[in-house]
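These numbers come from the heavy atoms of this one structure, side chains and all, not from hydrogens, waters or symmetry mates.
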Amino acid sequence: MDTTTQQTTAPPAPAPTTPESKRAARGATRPGDRIFLGLSRGSGIFVLVLIAAIAAFLTYRASIAISKDEANFFTTFEWNPSGLPPEFGIAVLAFGTIVSSVIAMVIAVPVSVGIALFITHYAPRRLGGLIGYVIDLLAAVPSIVYGLWGALFLVPHLQGLYGWLDDYLGWTGIFEWNDGAPRSLFTVGILLAIMILPIITNVSREVFRQVPRMHEEAALALGATRWEVIRMSVLPFGRSGVISASMLGLGRALGETMAVAMVLSSSFDINLSLLDTGGGTFAQNIASKFNEATEMGRDALIASGLVLFVITLLVNGAARLIIARRKEYSGANA
């Protein structure tokens with residue numbers, strides 16, 4: 001029997017990299033590429049320098065105020081930097097900022113994701129385009145307009161909701177209402193949810209549109225329903241994008257000023273019930289007290305702004321860690 005032997009030729013070894021070849025590769029780079037690289041690198045460095053400059057300024061002015069504060073800056077329920085001696089703390093402001101932002105996120109994120117899924121996977125093209133256009137208009141409304149709407153329309157019409165929450169959930173203590181004006185952290189959370197809804201919706205919508213069509217068609221070919229396609233293909237792919245969108249919305253909720261100042265009846269008290277009048281946030285306190293503040297008062301407000309700056313950095317850092325941990329499950333590399 002004749003046997004034939006097949007000879008396999010190994011691929012040629014790659015040419016060794018020499019200093020001459022590296023210089024030739026660098027010389028082949030066009031001037032436009034070098035200019036663009038320099039501009040991009042300079043822009044990134046400029047952002048880092050700007051953030052460092054802001055942090056240095058806030059830290060310097062905050063250190064002056066904290067050194068003169070006769071009370072505990074982190075636990076005091078009082079704001080009197082112009083007193084003799086000056087006493088002020090951020091306990092109430094930190095509580096109000098975090099609580100109102102959490103309420104806003106709990107309301108806005110599910111609604112925003114639902115709207116984005118409806119626009120991209122359920123609604124007809126014309127209806128989806130119309131809804132998307134309305135959402136874009138909401139993003140363009142100034143904060144002062146939201147504040148006016150909240151003070152003149154939202155606050156008077158929340159009494160029914162407050163009464164219902166008090167009747168059915170008042171026993172928890174968190175939703176106990178004493179028939180006061182609904183100018184509480186809960187009202188602020190609802191208003192902030194409406195304000196950040198366009199941001200989360202628009203980003204989530206664009207992320208869901210980037211889902212590979214083959215993933216959805218493969219799921220449909222296996223007999224999956226539309227909801228199963230969304231659950232198995234769309235949501236895993238867009239998880240990182242939704243987290244990023246939520247962090248953008250949270251950033252606005254943490255720093256919102258005028259709308260909160262017009263709706264909230266501020267006081268330096270921490271109430272167990274979210275429906276009780278009072279509370280405060282960092283941004284609202286800075287906006288309402290800056291004009292009448294003395295030099296010591298401005299330094300105290302800058303100190304509170306430094307805390308808000310640190311909270312924002314921590315929130316964004318945590319979001320980056322979450323996205324990095326779930327990157328391999330997001331489908332972004334498909």
Salt-bridge criterion met for Arg209 and Glu206 (N-O under 4.0 Å):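 The answer is yes: the pair qualifies as a salt bridge.
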So if I apply the side-chain contact (heavy atoms from CB on, under 4.5 Å) rule between Asn285 and each of Ile90, Val92, Leu93, which one comes out positive?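 One option only clears the test, and that one is Leu93.
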Backbone of [Y] reached by a side-chain donor or acceptor of [X] within 3.5 Å:
X: Thr187; Y: Pro182; result: yes
X: Ser101; Y: Ile98; result: no
X: Arg183; Y: Leu264; result: no
X: Thr76; Y: Gly89; result: no

Take the angle between the ring planes of Phe268 and Trp79 and call it parallel below 30°, perpendicular above 60°, tilted in between. parallel
Which label fits Tyr168 and Trp164: parallel for a plane angle under 30°, tilted from 30 to 60°, or perpendicular past 60°?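 Rings of Tyr168 and Trp164: tilted, 30 to 60°.
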Check for me, please, whether [X] and [Y] land in the same ILVMFWY cluster - side-chain distances under 4.5 Å, paths through other members count.
X: Leu165; Y: Ile174; answer: yes
X: Leu254; Y: Ile302; answer: no
X: Ile51; Y: Met247; answer: no
X: Val307; Y: Leu58; answer: no
X: Tyr122; Y: Val229; answer: no

